Amino acid sequence: MTKLRKDFLWGGAVAAHQLEGGWQEGGKGVSVADIMTAGANGVPRRITNGVLPGENYPNHEAIDFYGHYKEDVKLFADMGFKCFRTSIAWTRIFPNGDDAEPNEAGLKFYDDLFDEMHKYNIEPVITLSHFEIPYHLVTEYGGWSNRKLIDFFVKFAEVCFKRYQGKVKYWMTFNEINNQTNYDSDFALMTNSGLTVQPGEDMERTMYQASHYELVASALAVQKGHEIDPDNQIGCMIAMVPIYPLTSKPADIMMAEKAMQSRYWFTDVHCNGRYPSWMPVFFERHGYNLDITETDLDVLAEGTVDYIGFSYYMSNTIEDHDDSPEYHYVESNNHTKNPYLEESEWGWAVDPEGLRYGMNWFNDRYHLPQFIVENGFGAVDKIAEDGKIHDDYRIDYLRRHIEQMKLAVEYDGIDLMGYTPWGCIDLVSAGTGQMSKRYGFIYVDKDDEGNGTLARSPKDSFYWYKNVIASNGDEL
Ligand code: P53
């Protein structure tokens, strides 16, 4: 018999910009996702200077969940979902980000969506900022490099907490806030923080400054959310990609430890309410005179999260590369291949045990409940002769990860709230902008060029997952 909670939150996860479409419906403003073109496997998305004619912007229509949400929520209910994780597109509520008043049509869309979910007893799990910052905040303010964004975000959060009180209880502030550790990536900086690289700018420094403002904004939102409704459960959202040492050479172990610190200090601030000891000395050594005030530090201490929401797809591996006592981690070029693991077509190392490892890592440090809010296998699906999709590779991936998640509960005593696999319905890939990198239990007829009927149909994994939920994880 399963040791999972009786009220375990089985469900699925998406983000507004990756499935809603309707990019200009109901007064919605332009977000950073609306200015990213379609890339391909190994071809990065381009970030254009506003919305330009003749470009392919896959998020503009996405899978038109905006127009199909009733049908889609019904399919989730058919699978037995207890919860559904999505985000509130900031630009539906504040089209420019700095508007004086929220946009009623946007607020109403999410009212209707949450009501539809509650019809089937599906609990909303809501991310406030998931890679969809208003583009106006980028052009006018320089994104999160500007302290003013704290007020804009907190206002947005407050409006959402008030409006959806009684409808939404589970929240997260910033999606995968730690992905910007990869400060060499234009994509990561733009999606996380609306940052544009200026010639000669030290983006590592800017990343730390922007992250600090986001963490302050998150802590303030946590405080507001608790004041508005003490029942609110507000979490952080961390991309858990464990970094292993390649060998038992002590310098490799040390390198991996420092790499983990560089990627996961965000969790220290969210959960412990303070910066870890290595950071002030790191800032000092690098001459980073950051805008971090005493008041900020008090806010961080008072706005700690209720749970750790995290994504898990893969692990990475590292070896010592520069013999410096700092073991400076540079995410863009420090990884090496793990000889024990196979990779997906997109080069993501498949490592089910890494999920259990990551859960133990969080648990040892923070002693908080955990929520796996993303996990999944991006793969090309082929329609078979019988017209169906037999996605046994996806079932295999999910089964092996759920097995490890159960071991973490049963053997490691970890308090796990739920599991929402990513892209439960096919959607636009964040990293590549492709439709063909599919994660769903539900197939959506649309290709990378934007052609297709948008018709929905269940894959084999749909029926498999339905039984997993019905048996509370006993039957895999
Ligand atoms: P895609 C990188 C590494 C781990 C997770 O990713 C990541 C990324 C960004 O690409 O993003 C999360 O679509 C993110 C989702 C995203 C999902 O993982 O690139 O929270 O928005 O779609 C999968 O295959």
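Keep in mind it's a predicted model, so treat the numbers as computed, not measured. For the single chain, residues carry numbers from 1 onward in sequence order. Start at 1 and go down the list; that is how both ligands and their atoms are numbered.
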Any nitrogen or oxygen of [X] lying under 3.5 Å from a nitrogen or oxygen in ligand 1? Just yes or no.
{"X": "W348", "answer": "no"}
{"X": "T432", "answer": "no"}
{"X": "G431", "answer": "yes"}

* To do: Using modelled atom types only, decide if a donor and an acceptor are shared between the side chain of R456 and the backbone of L454 within a distance under 3.5 Å.
  =>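 Indeed, once roles are kept as given, a pair shorter than 3.5 Å links the two residues.
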
Region of [X] that comes within reach of ligand 1 [heavy atoms, distance under 4.0 Å]:
{"X": "F377", "answer": "neither"}
{"X": "S429", "answer": "both"}
{"X": "A430", "answer": "both"}

Protein contact to [atom] [nearest heavy atom, distance to 0.1 Å]:
{"atom": "atom 17 (C) of ligand 1", "result": "Y313 OH, 3.2 Å"}
{"atom": "atom 22 (O) of ligand 1", "result": "Q18 NE2, 2.8 Å"}
{"atom": "atom 11 (O) of ligand 1", "result": "E176 OE1, 2.9 Å"}
{"atom": "atom 8 (C) of ligand 1", "result": "N179 ND2, 3.7 Å"}
{"atom": "atom 20 (O) of ligand 1", "result": "E374 OE2, 2.7 Å"}
{"atom": "atom 3 (C) of ligand 1", "result": "M314 CE, 3.8 Å"}

* Asked: Measuring from T432:OG1 to K437:NZ, what's the distance to the nearest 0.5 Å?
  ->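 The OG1 atom of T432 sits 6.0 Å away from the NZ atom of K437.
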
* Asked: Any idea how F131 and H17 line up, ring-wise: parallel (<30°), tilted (30 to 60°), or perpendicular (>60°)?
  ->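 Aromatic pair F131/H17 classed tilted.
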
* Asked: Pick from F462, Y120, F84: which one makes a ring pair (Phe, Tyr, Trp, His ring centres under 6.0 Å) with F76?
  ->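 With F76 as partner, F462, Y120, F84 yield a single ring pair (Phe, Tyr, Trp, His ring centres under 6.0 Å), made by F84.
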
* Heavy-atom contact under 4.0 Å between W346 and ligand 1? ->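 The answer is no, since W346 has no heavy atom less than 4.0 Å from ligand 1.
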
* Asked: Taking the six-membered ring where the residue is Trp, are the ring centres of F94 and F152 under 6.0 Å apart?
  ->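 They do not qualify: ring centres at least 6.0 Å apart.
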
* Asked: Looking at H136 versus W90, is the centre-to-centre ring distance below 6.0 Å?
  ->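 For H136 and W90, the ring centres are not under 6.0 Å apart.
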
* Taking the side chain as every heavy atom from C-beta outward, state whether V350 and R400 have any pair of such atoms under 4.5 Å apart. =>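 The answer is yes; the side chains approach within 4.5 Å.
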
* Asked: Side-chain contact, heavy-atom cut-off 4.5 Å: R163 with I93?
  ->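 R163 does not reach I93 side chain to side chain.
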
Contacting atoms of ligand 1, where contact means under 4.0 angstrom from a heavy atom of [X]:
{"X": "K437", "result": "1 (P), 19 (O), 24 (O)"}
{"X": "Y439", "result": "1 (P), 6 (O), 23 (C), 24 (O)"}
{"X": "N175", "result": "14 (C), 20 (O)"}

* Electrostatic pair K446:E61 at N-O distance under 4.0 angstrom ->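 Judged by the 4.0 Å cut-off on N to carboxylate O distance, K446 and E61 do form a salt bridge.
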
* Asked: Do we see a donor-acceptor contact under 3.5 Å between the side chains of N59 and W23?
  ->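 The answer is no; no qualifying pair exists.
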
